[in-house]
Participant: 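Shown below is the structure under consideration.
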Amino acid sequence: MVPGGAHTNAKGDDQFPEEAPGFIVRGLGCHVWDVDGNEFIEYGMGLRAVTLGHAFPPVVRAAHEEMLRGINFSRPSKLEVDLAEKFLGLIDGADMVKFAKNGSDVTTAAVKLARACTGRDLVAICGDHPFFSVDDWFIGVTELNAGVPAAIAELTLKFSYNDLDSLRSLFDRHPGRIACVVLEAEAVAPPKPGYLERLKSLCEEKGSVLIFDEMITGFRWHLGGAQKFHGVVPHLSAFGKALGNGFAISALAGKRELMRLGGLDHNQPRVFLLSTTHGAEGHAMAAAMETIRVYQEMSVVPALWRQGERLLAGVNQCIDRHKLTGKFAMMGRPCNLIYQTRDSAGNPSQEFRTLFLQELIRAGVIAPSFVVSFAHTDQDIDRTIAAVDSALSVYVKALDEGVEKYLVGRPVKPVNRRFN
Ligand SMILES: Cc1ncc(COP(=O)(O)O)c(C=O)c1O
């Protein structure tokens, strides 16, 4: 009934081994239960949105209480002002905010606003960062561009992360035409010293809008975002995911001189800026208010880093014990860990990724990444390390004897590919 078997590509059958649980029926904290009653420890929950844990009681309660008061009226709710005030208190340099439901809504809105205020049509995106939006300006330059007119895709250009010259050469080749520069302040590789500062200066010199996609970094690197962590404030930034602990809410934040073009107090052409039916749904806003309160009062971000460090240290010990350096590696910041699998020749391998996922699942862990949440206790982390140890013992044998001997079924495939 459902194309791809899931409503999010990253949850699809092609992303998990054949023995993976087919359907989840319940989650609590970092634990989930499948339709057969099997329990798993989960990582990267809700595509990194559920940072406090599944069914986190204070957030669920806040959302439920708001539902009982009604969630969508003919005029704004008071909550819209309260949340704007609270959110802007967190994000230095953002004067105004507009809420929406999905991350893509707000990255796309940022691009539109940049085009409107500069009168330019080209968009420069970081080609090393995996995802910015479901919309054509981004999808048009991915493998999955079927259905996107070439005329749209041609407006998006790519530069390389940590390589200022690659962006400078785009500006040189398209003088006065680049409306904005879109990137994550940091994804897997950290910025070289001074890179983000120089990137911002270059944007300002060329009259381009700097947009940080803070969907992942937002409430993981720092409660003030990667922009606070790195001390570089963009002109616009886009938040989502963790903002509502999995409830659908996102935010476009930025400088007043840009954001006000979506408002009523100017004489320029008004930008259609995120006017949606469900944009300010009460329960999602209440969830965000409560999520932010919990982050502030319970030091959530330091806990994410701490638990990630515990996991990283344990997994690195397993890698050493099994002599898998160069074949299996952890990457990224402790608050946002991913892993890389390589075959016996040292090449990145989907077969070995699938085998690792399969063996973890057999040991009770679902880990498409090792992105921790606030709900991962020391015990969960230690159980995960034990599962990794047993998965890597099979990995070693598969390197020697061939992965097909141990892998059940077909391997996983890259999520955004052109053909099946
Ligand atoms: C960095 C980044 N930006 C934007 C998005 C899009 O967010 P959404 O799926 O909520 O539209 C994602 C989603 O995975 C993301 O990881």
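In each ligand, atom 1 is the first atom listed, and ligand 1 is the first ligand listed. If you're wondering where the values come from, they're calculated on a predicted model, not measured in any experiment.
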Participant: Are S133 and T108 linked by a side-chain donor-acceptor pair shorter than 3.5 Å?
Facilitator: yes
Participant: When you compare the side chains of S373 and Y43, does any donor N or O come within less than 3.5 Å of an acceptor on the partner?
Facilitator: no
Participant: Of all the atoms in ligand 1, which lie at a distance below 4.0 Å from a heavy atom belonging to K241?
Facilitator: 12 (C), 13 (C), 14 (O), 15 (C), 16 (O)
Participant: Can you tell which of S104, A100, A10 gets a heavy atom nearest to atom 11 (O) of ligand 1?
Facilitator: S104
Participant: Going by distance alone, is a donor N or O of one side chain under 3.5 Å from an acceptor N or O of the other, for S169 and D172?
Facilitator: no
Participant: Do the side-chain N and O atoms of D378 and Q307 include a donor-acceptor pair separated by under 3.5 angstrom?
Facilitator: yes
Participant: Quick one: do the Q227 and S237 side chains pair a donor with an acceptor below 3.5 Å?
Facilitator: yes
Participant: Looking only at protein heavy atoms, identify the closest one to atom 2 (C) of ligand 1 and say how far it is in Å.
Facilitator: F131 O, 3.2 Å
Participant: Does the N or O separation between M215 and ligand 1 drop below 3.5 Å for any pair?
Facilitator: no
Participant: Relative to the ring of F132, is the ring of W137 parallel (under 30°), tilted (30 to 60°) or perpendicular (over 60°)?
Facilitator: parallel
Participant: Just which atoms of ligand 1 are under 4.0 Å from any heavy atom in G103?
Facilitator: 7 (O), 8 (P), 10 (O), 11 (O)
Participant: Do ligand 1 and I216 have nitrogen or oxygen atoms that lie under 3.5 Å from each other?
Facilitator: no
Participant: Can you tell me if D213 has a non-hydrogen atom under 4.0 Å from ligand 1?
Facilitator: yes
Participant: With nothing but distance in play, are any N or O atoms of S133 less than 3.5 Å from an N or O of ligand 1?
Facilitator: no
Participant: How about H31 and E42: does a side-chain donor come under 3.5 Å of a side-chain acceptor?
Facilitator: no
Participant: For ligand 1, note which part of E184 has a heavy atom under 4.0 Å away: side chain, backbone, both or neither.
Facilitator: side chain
